[in-house]
Amino acid sequence: MKNYPFRKIEKKWTAFWLKKKVFQPDLKKAKNPFYNLMMFPYPSAEGLHVGNMYAFTGSDIYGRFKRMQGCDVFEPIGLDGFGIHSENYAIKIGAHPMKQAKKTEKNFYRQLQMIGNGFAWDNRLQTYDPEYYRWTQWIFTELFKAGLAFRKKSPVNWCPSCKTVLADEQVISGKCERCDSEVVKKDLEQWFFKTTKYAGKLLDNLDKLDWSEKVKIAQKNWIGRSEGALIKFSVSGLKSPISVFTTRPDTILGATYLVLAPESAVIQSLRKKIKNWEEVEKYIAKSAGKSEAERISEEREKTGVELKGVKAINPSNNMEIPIWVSDYVVAGYGTGAIMAVPAYDERDFAFSEKFGLPVVKAPLIPKDQAIKQTKAKRTTEYRLRDWLISRQRYWGPPIPLVYCGHCAEALNNLGPKRAKAKGWSKGEIENPGWIPVKEKNLPVVLPFVKDFRPTGSGSSPLASVKSFYETPCPRCGETGHRETDVSDTFLDSAWYFLRYPSVTDKKRAFDPKLTKKWLPVDMYLGGAEHAVLHLLYSRFLTMALKDLGYLDFEEPFATFHAHGLLLRNGAKISKSKGNVINPDDYIKKFGADAFRMHLMFLGPLEEGGDFRDAGIVGITRLLDRVWNFVIHFKPRKKKNLSPWLHASIKKITKNLSDLRYNVAIAELMIIMNKFSEHPDEVSKQDLETFVLMLAPFTPFLSEEIWLILGNKPSVHSKPWPSYEESGIESGSFELVIQVNGRVRDRVEVESGIEAKEAEKIALGRPKVRAFLKGSKPIRVIFVEGRLINIVV
RNA sequence: GCCCAGGUGGCGGAAUGGUAUACGCGAAGGACUUAAAAUCCUUUGUUCGCAAGGACUUGUGGGUUCGAGUCCCACCCUGGGCACCA
């Protein structure tokens, strides 16, 4: 038995496919478009991670399956090369990210070529390419003009190690998503995208999406809808009352004090009345300096200070109640103020215990009445925050806005109404002095800056490049000052799937005709870790672009499936554990086909798998057997498909649709085992059917043996084998005979036999008689084509 | 604490309420070989038995059912997500 010559074969077909553009659909003429998307990688200089290959292979198999089912499959790939990840790596090795990007790009595309995916190479894109980020910036200006991008000073997440602010979604359990450092709160003025505007839609649409359930649930929790009411508590001597948000207006009789978040503006307005102001101020300052982790690490031991000298009135019973400040109340949620009901809320109870406050178990009153009585307003609150989009870093698309003092003044003189009439955009009016760069002047090119490292000063390295920031105002032409922050990498990846079909379009971000034809994405496969990052941002951006009239759909991904985590010997794969797998080594040693198939055989794609080197020989054995069987194959007279194969086709087809590739591979092994047992009974059609079903898993080998069998390439554009239900039925089956639910005997019988006949056969069997011991059956259950159960 | 997913041989894992342990790895024995590798054949859940055959077995304990890995209840464990969001 020979080993199949994978090196030769893989080289040969890579060149052939490229030359013939087998996997490059005609995007304009395609009749049956199917957009098969996988999450594009962040290219690190270490090269393609085995986890990437696991995900890409899983996605590619599906794409190949759909292609054989008659779809024009579009399977693009690109590089998400802008951002902190690439930049931090460049810093580490002392290279410049701009130069480093070119190197990693070459290496990545080399590797992506090797793994045997059917990529549409003509449509690849890189987020750091000015031809790409030109349109990322255009999206920014469009959102800005529509009032969906705005500047705001607020306490934001700051990563001291990455020296930049981060979005809420990028803080994982109080730590930076990229470097794992503890994130602190800083009061800074930053750019945001108004994701909260779409909170309701982002949540409601989830029910309509065909997505992995766990991802939908993660998004649901992250958006976090709460139905409740705003209740006003008046404060003596204060004009405006304190408004609190509660989901439990029915508990209001038990509200014995109010609590304000330390950042609450209400505290400042009460300043003159507060007798212990110094103490209060000290507390506010102390909690401002705390990191998220610190607040949590104190084991939720409650802290706080009473605002002495001020009292609020509970509108339900007109009782005077004290007001406290405590950091257990979150500033950015609701109104940043709560009514504390220690009798019905654990957290309030803990606070009361600590400070000796009364716990009044007052009766509950019906919600509606409570709302009426207190003249409260029903509202819905979301946990979701606006997307903090600016970054004080170098390696990203410059935010395409210019600050102009003259325009700020002009706007002030005009007033908002006249400004609007004169054609000032919503964004310009709401963010005085900020003017978007005109479309024709995009991209704002990221200049080459020698010292690109983050400064830590709260501004990006671009802030020290005069030739960059000094620029004429796009509106009035006077000297303006460019925004020197760049945008979040996640903005690049929030729209890349829109760009793929239109990569060659120099005039628009995306061609309307191509977009209509190919989008939304038909099948998206990627990691569940992006549930509230990339997947949420993409949905937001699609909704925003739809409202701006650029798209006619509001959900970007019709179907999304999350693949599981690839482990190694039961442990997570990480550099620190030293168990990193380099796909290059395995491809060199076993071939891309064997490596692909091995990865897919480890377990169900959506559940992940445990990579063990030992197991790969099982796959190479199979492929060697297939190879030798084909090269020695001499078809006998028999031409038709063997009847037993119908059931196999059915199983494999179903398993591919369900992404249960491991089971499909097992079935392919069973077919090969049967071929080996009775080689003389294998018809040419049998073998070809097998090769067709093998093709999505082992594209190179399959193409070669397809040719050896006398067919023209490419096997990958041939129709998927069909089966007939009638072909699955055979003349007989094995009847299982149970006595009291336990299997006692089995016997081959004619298919289609009926209950009475089966009973007669069963009762005639000596084994069954032995178990019956002469007693008569009280009940007989017959399952057609399967079993008979005799109950005594 | 809350919300998901899961717990099946030595290991990865199969199983529309109907033959549990498919397929693969590993292991043991044999064939070929001077020998080894490769390959091929046989065996391989536990246990009692010389055997025929029996008993037990899908995290634990209950339940529904003629029949439960699968459905229901309670609990234990593992992995993931959220975490003072009122």
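Lettering follows sequence order; numbering is per chain, from 1. Because only heavy atoms are used, hydrogens play no part in the values below, and waters and symmetry mates are left out as well, while side chains stay in.
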Enclosure of E784(A) CD (heavy-atom neighbours >12, cutoff 6.0 Å): no
Euclidean distance for P, C23(B) against C41(B) (whole angstrom): 13 Å
Cationic tip of K302(A) above Y328(A) ring, under 6.0 Å, 45° of axis: yes
Short N-O contact, R769(A) and D745(A), less than 4.0 angstrom: no
Distance in angstrom units between K674(A) NZ and C23(B) C1', rounded: 12 Å
Crowding at NZ, K367(A) (>12 non-hydrogen neighbours, <6.0 Å): yes
Cationic N near anionic O, under 4.0 Å, E227(A) to R378(A): no
Stepwise side chain to side chain contact (heavy atoms under 4.5 Å, CB included) test for F611(A) and L599(A): CA-CA 7 Å; F611(A) 188 95; L599(A) 288 173; 3.7 Å; yes
Per L787(A) side chain, nearest of listed nucleotides G81(B), C84(B), G18(B): G18(B)
Greater than 12 external heavy atoms within 6.0 Å of K572(A)'s NZ: no
Sugar-phosphate, base or nothing in reach of V783(A), heavy atoms under 4.0 Å: base
G9(B): syn or anti, per glycosidic angle within 90° of 0: syn
Steps toward side chain to side chain contact (heavy atoms under 4.5 Å, CB included) verdict (Q219(A), W211(A)): CA-CA 11 Å; Q219(A) 285 208 2; W211(A) 280 28; 3.7 Å; yes
Upstream residue (5' side of RNA chain B) when K572(A) and E734(A) are each assigned their closest nucleotide: E734(A)
R539(A) to W222(A) six-membered ring, cation-pi geometry met (6.0 Å, 45°): no
Euclidean distance, atom CZ of residue R383(A) to atom P of C3(B) [Å, nearest integer]: 16 Å
C1' gap between G10(B) and U21(B), integer Å: 14 Å
N/O (side chain, N673(A)) to phosphate O (OP1/OP2, A22(B)) under 4.0 Å: no
List every contact pair, protein side and nucleotides 64-71 of chain B side both N or O, where the distance is under 3.5 Å.
unit_1, atom_1, unit_2, atom_2, d
C66(B), OP1, R779(A), NH1, 2.8
C66(B), O2', N789(A), ND2, 3.4
C66(B), O2, N789(A), ND2, 2.5

Atom-pair distance (CZ on F733(A); C1' on U19(B)), nearest Å: 12 Å
Watson-Crick or G-U counterpart of A5(B), or none if no pair lies under 3.5 Å: U78(B)
More than 12 heavy atoms from other groups under 6.0 Å of CD on E750(A): no
Length of the line joining E169(A):CD and A83(B):P, which is rounded to integer Å: 10 Å
Selection from G80(B), C25(B), C82(B) that lies nearest to any side-chain heavy atom of W222(A): C82(B)
Short N-O contact, D168(A) and R383(A), less than 4.0 angstrom: no
Spacing between D345(A) atom CG and G1(B) atom P, to the nearest angstrom: 17 Å
Residue matched to A27(B) through Watson-Crick or wobble contacts both under 3.5 angstrom: U43(B)
Footprint string (nucleotides 38-58 of chain B, 5' to 3'): B base within contact, S backbone only, - free, heavy atoms under 4.0 Å: -SS-------------SSS--
W324(A) CH2 to T303(A) OG1 distance, which is reported to the nearest 0.5 Å: 10.5 Å
Side-chain donor/acceptor of K220(A) to base of C3(B), under 3.5 Å: no
Separation of G24(B) C1' from F697(A) CZ (nearest whole Å): 15 Å
Interatomic distance where NZ belongs to K175(A) and P belongs to G81(B) [whole Å]: 13 Å
5' priority, RNA chain B, between R746(A) and I616(A) [closest heavy atom]: R746(A)
Per-nucleotide protein contact string for nucleotides 4-15 of chain B (B base, S sugar-phosphate only, - none; heavy atom under 4.0 Å): S------SBSSS
Basic-acidic side-chain contact under 4.0 Å: D613(A), R568(A): yes
E748(A) CD - U19(B) C1' separation (whole Å): 13 Å
Inter-nucleotide C1' distance (G17(B), U58(B)), Å rounded: 15 Å
